[in-house]
Amino acid sequence: MFTGGMCIEGLESSCVDPLRLREDDLAEGWKNRVLAHRFELLITSCIIVVLTLALSIGLGVGLSCVGKFRCGSSSQCISTFAQCDGVVHCENEEDELGCVRLSGRSSVLQIQRKGEWKTVCSEDWNNWLGISACKQLGYSRYVESFFISLTSIEQDLQTSLVSINLSQSQIIKLQNAAAFSKTQCSSGLVTTLKCLECGSRPQYSTRIVGGNISKPGQFPWQVSLHYKSEHLCGGSIITSRWILTAAHCVYGFEDSSLWAVHVGLTEQLIHGAQSLTVESIVYHSRYRHRGLDYDIALMKLARPLVFNGLVEPICLPNYGEEFTEGTMCWISGWGATEEDGETSVVLRSAMVPLISTKTCNQPEIYKGLISSLMICAGYLEGGIDSCQGDSGGPLACEDSSVWKLVGATSWGSGCALRNKPGVYTRITKSLSWIHKHMEKEEAHDTPELSTDN
Ligand code: 4AZ
């Protein structure tokens with residue numbers, strides 16, 4: 001039925017119902033509005049995506065400070081030339097920390113200036129400067145400086161040199177005294193430094209050899225870290241105030257009042273062993289929960305240790321010091337004597353060879369999990385290894401009668417399994433983190449340095 005309306009003459013099928021027309025118009029309008037709305041949405045999403053991208057790139061660049069120096073964990077970036085220039089630019093003075101290091105086999109002193117490391121010539125060196133350098137490494141003491149021939153040190157330490165331009169008779173920051181970049185030392189000599197008597201075992205007689213139960217004084221740097229009165233981890237004495245351990249031992253357990261450091265003992269549960277309280281705990285800022293990298297932490301003791309032969313510090317290695325594959329080193333601890341077993345009452349130890357990262361990353365071993373921040377040690381045939389409870393303890397290597405802390409027990413797949421050697425935090429890769437922390441605290445403890453910038 002047709003009820004009025006517009007028709008093309010003679011063509012009834014072309015008649016348009018006005019109601020339909022309005023509905024069609026409405027539908028068309030809706031369609032257009034929906035389309036327009038969708039278009040708006042698309043544009044808005046695009047803008048949001050672009051803004052987010054720009055913001056994250058901007059933030060990323062800001063936080064990573066590409067080509068610049070970032071002040072600690074803040075977002076402040078400064079020019080690399082402003083780092084270690086003797087003037088404080090960062091809020092927490094981070095740009096004037098870590099400006100000194102000891103390098104290579106001979107503990108050659110190097111100063112960082114404007115982003116470059118330079119070996120210090122012997123000219124105008126004196127004991128005051130030695131004390132200053134040790135303070136800047138975080139040591140409260142200084143033993144001696146001595147000079148060795150420039151040509152006797154590693155090649156890469158010979159290329160960039162600096163001499164001191166200040167006859168100081170007070171403690172200063174070394175970067176304030178360094179001047180005159182050189183290609184030769186006029187004396188032909190460079191400065192080496194010793195801040196601590198370490199790495200010796202005055203109370204250990206090598207005539208006593210007995211299985212894998214350790215003798216008193218055999219590992220005088222070994223400590224037992226007790227949490228709520230129970231042995232949880234091992235650690236190593238590196239100075240009279242600092243214990244080095246693994247980050248995974250302290251992560252989530254940072255309340256220092258619940259820890260005690262037991263030193264100079266071989267047997268647990270023996271009363272009268274020296275037990276010390278902990279002032280503060282810090283783990284590497286780049287350590288992540290259950291992560292494998294940066295598994296390193298420091299505990300500051302409330303009072304300094306007294307070294308007596310049974311309690312002694314182990315030396316830290318120097319920057320760039322390599323420990324070759326096959327070198328026989330020692331691991332020690334009160335950890336389990338079998339996987340999932342009880343911790344040991346007596347301190348146990350074993351001799352283990354260092355394994356190259358290339359070997360340790362083989363498909364049948366750790367399949368590429370070993371980073372440059374780790375070092376493997378042990379036997380691929382299994383049988384001898386560190387285990388639960390040994391974590392944080394030392395992987396110690398003797399180098400020309402001096403014991404050095406090459407690793408801190410970190411992880412492994414099970415214990416003593418075939419093709420699953422122990423994995424240790426590589427100490428040479430965390431030296432700047434260690435020294436910066438000790439330096440910051442040393443500056444607190446001796447305020448004359450922190451105000452003398
Ligand atoms: C641990 O859980 C642990 N076999 C320490 C060392 C090793 C494995 C586990 C190495 O503390």
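Remember, it's 1-based here, ligands and their atoms both numbered in the order they're listed.
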Decide, yes or no, whether a salt bridge links Arg105 with Glu154 under the criterion of side-chain N to carboxylate O below 4.0 Å.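 Counted as a salt bridge, because a side-chain N and a carboxylate O are separated by less than 4.0 Å.
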So which of Ser391, Cys249, Cys387, Ser386 gets nearest to atom 11 (O) of ligand 1, if we judge by its closest heavy atom?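 Residue with the shortest heavy-atom distance to the ligand atom: Ser391.
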So do Cys315 and Cys198 have their SG atoms closer than 2.5 Å?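 Bridged: Cys315 to Cys198.
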If the cut-off is 4.0 Å to any non-hydrogen atom of Gln388, which atoms of ligand 1 fall inside it? 1 (C), 2 (O), 3 (C), 11 (O)
How close do Ile434 and Ile238 get, counting heavy atoms only, and between which atoms?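 That closest heavy-atom pairing would be CG2-CD1, 4.0 Å.
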How about Glu342: does its CD atom have over 12 heavy atoms from other parts shown lying under 6.0 Å from it? no
Report yes or no: does Gly414 have a heavy atom closer than 4.0 Å to ligand 1? yes
Could you tell me if Ser349 and Ser214 have a donor-acceptor pair between their side chains, going purely by distance under 3.5 Å? yes
I'd like to know if the side chain of Ser79 reaches the main chain of Phe81, judged simply by a donor and an acceptor atom lying under 3.5 Å from each other, with no hydrogens or angles considered.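 Yes, Ser79 side chain to Phe81 backbone: donor-acceptor pair under 3.5 Å.
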Looking only at N/O atoms, are [X] and ligand 1 under 3.5 Å apart anywhere?
X: Asp390; answer: no
X: Gly422; answer: no
X: Trp411; answer: no
X: Asp385; answer: yes

Going by the 4.0 angstrom heavy-atom rule, the piece of Ala416 near ligand 1 is neither
